[in-house]
K.L.:
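Please find one structure pasted underneath; my questions will follow.
Chain naming here is simple, since letters A, B, ... match the order of the sequence lines and numbering starts at 1 in each.
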There are 2 protein chains.
Amino acid sequence: MDRYIEAVVAIEGSESLSAIQSAVRSTSVPLGYDRFVMFSASPAREDLVDSIYWVEGDWFGKGVTVDAETYVRHCPVTRNFLNVDEPFFWTKVMSARGEKYRVVRTPRGPGFHGLQVPVFGRTGLEGAMSFAGTRIDASARTRAVLTMIGAAAFRAARRLIEAHEPNGASSLSPREREVLRWVAAGRRQADIAASLGLSERTVENHLRRVRLRLGVATTAQAIRLAIRSGEIEV
Amino acid sequence: MDRYIEAVVAIEGSESLSAIQSAVRSTSVPLGYDRFVMFSASPAREDLVDSIYWVEGDWFGKGVTVDAETYVRHCPVTRNFLNVDEPFFWTKVMSARGEKYRVVRTPRGPGFHGLQVPVFGRTGLEGAMSFAGTRIDASARTRAVLTMIGAAAFRAARRLIEAHEPNGASSLSPREREVLRWVAAGRRQADIAASLGLSERTVENHLRRVRLRLGVATTAQAIRLAIRSGEIEV
DNA sequence: AGCGTGTTGAGGAGTTTCCCTCAACCCGAA
DNA sequence: TTCGGGTTGAGGGAAACTCCTCAACACGCT
């Protein structure tokens, strides 16, 4: 009983990506889902997908396991989750000119369907886990299960993967961040200088370095960038 | 079997707050949690809490059911979830001078403990559901269960409550939003004017109205405000 | 001691944005 | 039809920001 909760606990405790994967498989295959994609994302990027953690299965019906780049290029409904706050089902429909992917409330009948589970965090969209198959269980129950499994799997995977990477440490110095925060709060440079006990020149210099470091042209853009990278609070 | 998944499905299908509440209670009371708080939040506000959906139980050990304002004033560890991406346990410890709340990995023994479950969405933190009790089950299993239950309950409650309210429609006009987006992307007013086919004056006027409407002093602040209200993308 | 980084500050010469007022046009709602 | 909101545009002047270079000091590390 409560096997799904056990699966989540197992995923959370996993020490390798393959352990996560097999836990996800053993839960979702019986429900009809045998293709998986997991990636980190940020609404910032043009192509949305940041880096792919896991692609598995025959995603485009050609009988071959697809690789990461191919998935991104064909990426069917991914963009849709810029508009949603919750997991959604999609289905592939065949039309006169080629195949199309559509977001649906409940996918019916045979064909190629899937569930996209976005994962959110402090800074908004952080990634997603996608499940698909040709004969899937699309009940509310299953949606709840995969929502939970998908989120747990993504967080666990990110924890493992980020740990190995040098990790994009904060690229702003404490002072620079502090000044930028005040600017984002609507203060002018002169006020900030006064309240931090600095000269206006220093405040200006800090901001220039911020723009330099973030590689942006204006302070306005720096604010947006800093917000989405979690450098300053929204 | 899978009673927790059933509970989530029941919560999602609830048509009243009290239905959500009783579903939450029947799941969490057996686990030792008999005090609940649910509220919407935004990292924006000074006091963090936006509006309270549900407060129930003896939160401050005075044998009385606490009301919303009281909870906010005493609000123990709420601020902590500005720093976290996942649910966390906290515990109340008695010290020489009064009581204190601490975030802990696993609360042990008798006393007053709780689990805070933040709920995230497109725009970051959106709310939270908090569970507490004096003799709680604090296993990884239970944390997984309440994470799922809490998120589902919050979303369901918000769906019900927001539906009744006039709903804070977008406070920017399409054109204003468009101009602000470009500024946030780092373009200067002159460039924006050129690419939108407007005069620089018009761009400037749009931005002035944006500041006016959002009630802020600088465009930098307007960007942050627009981002956190979901008016423009991060 | 020498090196890199962070923090602080300046001079001078820009460019850009902000502020205020005024006005025309379109469009949908009362 | 009048009214309000959205969009477009202007003039003139003030304030704020950006860009360039240069320099001092503290701090930790090799």
K.L.:
B:Trp90 and B:Phe112: aromatic ring centres closer than 6.0 Å?
P.N.:
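Yes; B:Phe112 has its ring centre under 6.0 Å from that of B:Trp90.
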
K.L.:
Hey, is the main chain of B:Arg201 close enough, under 3.5 Å, to the side chain of B:Ser199 for a donor-acceptor pair?
P.N.:
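Yes, B:Ser199 side chain to B:Arg201 backbone: donor-acceptor pair under 3.5 Å.
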
K.L.:
For nucleotides 24-27 of chain C, print each protein N/O atom paired with a nucleotide N/O atom at under 3.5 Å, atom names and distance only.
P.N.:
none

K.L.:
Do B:Phe120 and B:Glu126 touch side chain to side chain, with heavy atoms closer than 4.5 Å?
P.N.:
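A side-chain contact is absent here, since even the closest heavy-atom pair is not under 4.5 Å.
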
K.L.:
Taking only Lys NZ, Arg NE, NH1 and NH2, and the carboxylate oxygens of Asp or Glu, determine whether B:Glu12 and B:Arg159 approach each other closer than 4.0 Å.
P.N.:
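Judged by the 4.0 Å cut-off on N to carboxylate O distance, B:Glu12 and B:Arg159 do not form a salt bridge.
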
K.L.:
Sugar-phosphate means primed atoms, P, OP1 and OP2; the rest is base. With that split, encode nucleotides 8-18 of chain C 5' to 3' as B, S or - using protein heavy atoms under 4.0 Å.
P.N.:
BBBBB---SSB

K.L.:
Show your reasoning for whether side chain to side chain donor-acceptor pair (under 3.5 Å) applies to B:Arg158 and B:Ser40.
P.N.:
CA-CA 8 Å; B:Arg158 188 180 52 181; B:Ser40 66; over 6 Å; no

K.L.:
Looking at A:Glu178 and A:Arg175, is any side-chain nitrogen of the basic one under 4.0 Å from a carboxylate oxygen of the acidic one?
P.N.:
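Between A:Glu178 and A:Arg175 there is a salt bridge, with a charged N closer than 4.0 Å to a carboxylate O.
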
K.L.:
What's the CG-C1' distance between A:Asp191 and D:dC17, to the nearest Å?
P.N.:
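After rounding, the reported distance stands at 13 Å.
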
K.L.:
Is it the case that B:Glu176 and B:Ser173 place a side-chain donor and acceptor less than 3.5 Å from each other?
P.N.:
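Yes, a side-chain donor-acceptor pair sits under 3.5 Å.
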
K.L.:
Near B:Trp182 CH2, under 6.0 Å, is it more than 12 heavy atoms from other residues, nucleotides or ligands?
P.N.:
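Count not over threshold, so no.
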
